[in-house]
Amino acid sequence: MNILLLGSGGREHALAWKIAQSSQCTKLFIAPGNTGTALCGTNIVIKTSEFEKLYDFVKNESIDFIVCGPEDPLVDGVYDFFKERNIPLIGPSKAAAQLEGSKAFSKKFMQRHAIPTATYLEVDATNLEEGLQHIENTSAPYVLKADGLAAGKGVLIIQDKQEAKDALVEMINQNKFGIASTRVVIEEFLDGIEFSVFVLSDGKSYKILPNAKDYKRIGEGDTGLNTGGMGAISPVPFVTDELMAQVEEKIIIPTINGLQKDNLEYKGFIYIGLIKVGDEAKVIEYNCRMGDPETEVVMPRIKNDILDLYKAVINQTLTTQTIEEDERACCTIVLASGGYPEDFEKEKIIHGLETNSLIFHAGIKKTNDDYLTNGGRVAMVSAYGKDIKDALINANASAKNISFENMYYRKDIGWEF
Ligand code: AMP
Ligand code: GLY
């Protein structure tokens, strides 16, 4: 089979790495890809937003199906575009991708299908006063979420009442997050411990993939600014069979059934961000794709030929498949450019990348024979272990072999376990 993968991050390197292991993969192309995906297949110079150009390529190279890594093309309707042209794509339809594309949409979806989540109020210019009154009448912390896609930056958690009111006005009236925040969801603050569940759906049934936990803050001890993610572990030690059974019954099944009831076509990955409050799991967010860096620990723990799973999604025969989880734990550590998630310098020479361990490239470019930094998150170093601690020791040992000027990584990923 010939496959086209869309995207260019560490997630896409991990997806490409897994696809390339299948004996059923004849040719793998990645648009636009990165230095890591180039080790698994052939990168092509087409942006994920250039649907027509992608379609020309798909016809010329007899592509059998497409896998979409990032959310933007999905929210922009890449699934529907290729469906009209009879090319299967792993990912949700434009309408279903609204689960990630609009926080207000996803809250209404959860309410409609009785899926446990934080209570909320939707606010825009027409009911701004009501929003301000809501903040007045409730107590801190205040959770304000931009409705639309904001590259992971659209959530504010604020302690001070006046500051929360000012932020709400700035979001709605002054486009603090561009048009993404002309509508805002004010949510009840949930105090608990977070984890993520990944589900593969064929539109009728589903399979649960290995769970994971990511570490979003830049600083050790979960301090400082939010990032795209500084590390991840799988499996999550506190997620017991009992908790997973609860998540499946109260969240996954109602989500899959809800998608069908609402006629939302979904043939792809669903990322469910959860928080365990006491003994109850509640949904913090849906994403319409895999996570980054979670993919860099989830893919290594799936033993199946991933093309069997993708074929089953396309043919709606997922019930015939069984997910085979690797017994081993897997951890990943993100190597970042010093300064990230704020300003940072690029084009630092990276030493020690060519090792045998599982290193997924993100913000890297190649000039002659040198690998140079080219982004905030530069690479993800994944490693297996008999348990989380052991995997972390291995990932840290591997990370130590890599260096570039101002390299920064968290040395405490997963140490609470
Ligand atoms: P989201 O983009 O919705 O996942 O939010 C980003 C992060 O903000 C989450 O990973 C949580 O750490 C935090 N967060 C979001 N919603 C809530 C909430 N209702 N209560 C507490 N923390 C939240
Ligand atoms: N690691 C968080 C995300 O992919 O959204």
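All ligand and atom numbering here is 1-based and tracks the order in the structure. Sequential numbering from 1 along the given sequence is applied to the chain's residues.
Distance remark: protein heavy atom not present below 4.0 angstrom from atom 7 (C) of ligand 1.
When only non-hydrogen protein atoms are considered, atom 14 (N) of ligand 1 lies nearest to Ile157 CD1, 3.9 Å. Atom 17 (C) of ligand 1 has its closest protein heavy atom at Ile284 CD1, 3.8 Å.
Not one N or O of Asn226 is nearer than 3.5 Å to an N or O of ligand 1, by distance alone. Ligand 2 has a nitrogen or oxygen under 3.5 angstrom from a nitrogen or oxygen of Asp214. Backbone and side-chain nitrogen or oxygen atoms of Gly229 are examined, and none is located within less than 3.5 angstrom of a nitrogen or oxygen of ligand 2. For the pair Glu294 and ligand 2, the shortest N or O to N or O distance falls below 3.5 Å.
When all heavy atoms are compared, the tightest approach of Lys303 to Glu325 is CE-O, 4.1 Å.
Near Val155, with a cut-off below 4.0 Å to any heavy atom, the atoms of ligand 1 are 1 (P), 2 (O), 3 (O), 5 (O), 6 (C), 8 (O). Listed by number with element, the atoms of ligand 2 under 4.0 Å from a non-hydrogen atom of Gly291 are 4 (O). Taking every heavy atom of Gly228 and a limit of under 4.0 angstrom, the matching atoms of ligand 2 come to 1 (N), 2 (C). Counting the atoms of ligand 2 from 1 in the order shown, those under 4.0 Å from a heavy atom of Arg289 are 3 (C), 4 (O), 5 (O). If you number the atoms of ligand 2 from 1 as listed, the ones under 4.0 Å from a heavy atom of Asn287 come out as 5 (O).
Thr227 and Tyr215 are not linked by any side-chain donor-acceptor pair at a separation below 3.5 angstrom, with hydrogens and angles left out of the test. The closest side-chain donor-acceptor pair between His351 and Ser403, if any, does not fall under 3.5 angstrom. Inspection of the Asn43 and Thr37 side chains reveals an N or O donor paired with an N or O acceptor under 3.5 Å.
Cation-pi contact between Lys346 and Phe344: absent, since separation from the ring centre below 6.0 Å together with deviation from the ring axis within 45° is not met.
For residues 373-396, the set of pairs meeting the ring pair (Phe, Tyr, Trp, His ring centres under 6.0 Å) definition, not counting sequence neighbours, is empty.
Here atom 19 (N) of ligand 1 lies nearest to Glu187 when heavy atoms of Glu187, Lys103, Glu194 are compared.
Under 4.0 Å from ligand 1, heavy atoms of Leu190 appear from its side chain as well as its backbone.
For the salt bridge (charged side-chain N to carboxylate O under 4.0 Å, His left out) test with Arg289, the passing option among Glu294, Glu100, Glu12 is Glu100; the others fail. The only option from Lys103, Lys107, Lys145 that meets the salt bridge (charged side-chain N to carboxylate O under 4.0 Å, His left out) definition with Glu285 turns out to be Lys103.
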